[in-house]
2 protein chains.
Amino acid sequence: MVETLVRTVTASEPPAHDRVYRGLRQQVMHGELVPGQALTLRGIGKQYGVSMTPAREALRRLTAEGALTLSASGRVTTPELSNDRIEELAQIRALLEPELGSRALRRAHLALIDRMEVINEANARAIHLQDPVEYIRTNLEFHRTLYLRAQSPAMLGLLETVWLQLGPTMRALYTKLRRTTAPPHHRLILEALRAGDDAALRLALRTDVTQGLRHLQG
Amino acid sequence: MVETLVRTVTASEPPAHDRVYRGLRQQVMHGELVPGQALTLRGIGKQYGVSMTPAREALRRLTAEGALTLSASGRVTTPELSNDRIEELAQIRALLEPELGSRALRRAHLALIDRMEVINEANARAIHLQDPVEYIRTNLEFHRTLYLRAQSPAMLGLLETVWLQLGPTMRALYTKLRRTTAPPHHRLILEALRAGDDAALRLALRTDVTQGLRHLQG
DNA sequence: CGGGCGGGTTTGTGATCACATTTGGCATGG
DNA sequence: CCATGCCAAATGTGATCACAAACCCGCCCG
């Protein structure tokens with residue numbers, strides 16, 4: 001355990017804890033982890049080739065964002081959300097996403113819509129291939145591409161913490177219902193964007209969000 | 001530095017990093033810290049009688065919530081918000097708080113309103129005494145008492161991170177304008193609650209939030 | 001055959017240390 | 001008087017260790 005004493009610094013790499021954080025964050029948000037999955041300091045450390053200290057910081061950061069759950073004894077797991085909690089998080093999405101979409105609408109140009117179109121095709125492919133992680137990833141990227149244009153970094157930041165909390169659950173839901181049909185309301189979103197129709201866009205975003213998550217609830 | 005080797009454990013105290021976190025969080029949210037205030041690991045550690053490790057975890061957690069800002073070199077300070085950012089955070093409050101109030105309205109009973117009345121009187125006292133920290137504290141407690149009834153823990157959690165981000169700025173604003181007049185719209189909020197008027201409550205909350213922060217913006 | 005109890009193992013917590021980078025201020029030179 | 005370079009102090013980062021609590025699993029007793 002002494003082989004990495006010399007860190008060949010090429011160009012000031014990002015800190016180790018940040019690398020660990022980003023890796024885990026992506027795993028959580030994209031649904032690569034199942035709800036209830038346990039994460040240990042030494043396990044994460046070994047996985048990323050670092051000691052416990054950076055692993056601890058990464059986990060602390062993620063739990064602070066709600067991406068992970070801290071048990072009373074300090075154990076860290078991916079969250080197992082109650083149906084009430086899922087419902088509430090969906091309502092938060094339904095509150096924030098139309099607002100972000102509406103703000104983005106004024107600034108949306110054609111290149112943006114084209115880019116969303118491309119992402120949406122990748123999303124359809126992921127559905128056809130039954131690839132849950134890729135489905136979640138492209139779906140979030142579709143939405144984020146739009147919301148980035150809203151120029152509201154704080155609101156987008158809040159929304160991303162909501163996505164983080166839903167990550168493992170979305171994965172579980174997806175593998176449970178195994179949909180093979182096309183993505184539901186993305187076409188409506190794109191049409192509203194092209195038409196510059198604010199009300200239609202808000203509605204399409206809201207239904208896309210609530211529809212996607214209300215399929216379980218039982 | 002070896003005097004605390006024996007930790008007289010009486011009844012399983014909370015972890016040190018949590019104690020540090022709570023202390024700092026309250027300082028930030030209540031505006032006890034000025035924007036741009038620097039916090040060092042060793043300084044925090046000495047202040048709370050712990051080593052760097054718990055201090056680091058507390059700071060990491062707070063920066064993850066947006067309560068503190070991390071410079072490129074890893075230094076931690078309280079945030080100095082741009083006017084745009086203040087405006088955006090106010091808009092988020094204006095989006096979340098009417099929603100939370102509306103949800104609480106159905107479940108609000110007289111005892112709750114009485115309690116808010118008491119808090120509001122303490123708030124008026126703080127204004128009269130020109131006590132910014134106590135003003136901010138009672139003002140937030142007034143709102144939180146209402147929102148707790150909404151039974152929407154995730155949404156309230158998001159809102160609290162917004163409050164956290166605004167904490168130092170609210171302090172700076174308060175000491176800058178030194179208002180001595182009564183709190184603006186709290187009476188309207190209480191009246192709407194008593195009347196069970198959803199629309200009036202939403203409006204009163206929204207204006208209370210935006211009014212309070214739009215006084216600077218320069 | 002089921003449930004409580006034990007003990008080895010795993011795990012989080014906090015302290016400490018070495019190290020590289022950054023910072024801040026002061027002297028020097030223009 | 002201001003800019004610049006330099007050095008000591010301050011600071012964040014990551015590794016390692018000791019320790020107590022929690023956990024897990026199998027054994028034994030009822």
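Predicted model, so just to flag it, every value in this text is computed and none were measured. Below, chain A is the first sequence line, B the second, and so on; all start at residue 1.
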Test for a donor-acceptor pair under 3.5 Å between the base of C:dG14 and the side chain of B:Arg56, counting only N and O atoms.
-> no
Whole-Å distance, A:Lys46 NZ to C:dT10 P, equals 10 Å
field: Side-chain-base donor-acceptor pair under 3.5 Å for A:Arg60 and C:dG12
entry: no
For B:Arg93 and B:Pro98, the nearest pair of non-hydrogen atoms, with its separation, is O-CD, 3.7 Å
Rounded to whole Å, the CE-P distance (B:Met52 to D:dT16) equals 16 Å
Rounded to whole Å, CD of B:Glu13 lies from C1' of D:dA20 at a distance of 13 Å
In whole angstroms, the gap separating P of C:dG14 from CD1 of B:Ile44 amounts to 16 Å
Of B:Arg42 and B:Pro15, the one whose closest nucleotide on DNA chain C sits nearer the 5' end is B:Pro15
Expected list for residues 160-167 of chain A: side-chain donor-acceptor pairs under 3.5 angstrom, two or more places apart:
{"residue": "A:Glu160", "atom": "OE1", "partner": "A:Arg25", "partner atom": "NH2", "Å": "2.5"}
{"residue": "A:Glu160", "atom": "OE1", "partner": "A:Arg144", "partner atom": "NH1", "Å": "3.3"}
{"residue": "A:Glu160", "atom": "OE2", "partner": "A:Arg144", "partner atom": "NH1", "Å": "2.8"}
{"residue": "A:Thr161", "atom": "OG1", "partner": "A:Leu158", "partner atom": "O", "Å": "2.7"}
{"residue": "A:Trp163", "atom": "NE1", "partner": "A:Glu97", "partner atom": "OE2", "Å": "3.1"}

From CZ of B:Arg19 across to P of C:dG14 the rounded distance in Å is 9 Å
Just checking A:Leu39: base, sugar-phosphate only, or nothing, at a heavy-atom cut-off of under 4.0 Å?
sugar-phosphate
Judged by nearest nucleotide, the residue sitting upstream toward the 5' end of DNA chain D, A:His17 or A:Arg75, is A:His17
> Given the side-chain rings of B:His143 and B:Tyr147, with only the six-membered ring counted for Trp, is the space between their centroids under 6.0 Å?
Replying inline: yes
From CG of B:Leu70 across to P of D:dT11 the rounded distance in Å is 15 Å
SB check A:Glu32 A:Arg171 (cutoff 4.0 Å): no
Next on the checklist: Base, sugar-phosphate or nothing for A:Ser73? Non-hydrogen atoms, less than 4.0 Å.
Outcome noted: sugar-phosphate
Between CG of A:Leu41 and P of D:dA22 the distance, given in whole Å, is 16 Å
Below 4.0 Å: OP1/OP2 of D:dG14 and any side-chain N or O of A:Thr53
no
Scanning both residues in full, the closest heavy-atom pair of B:Thr78 with B:Pro168 reads CB-CG, 3.9 Å
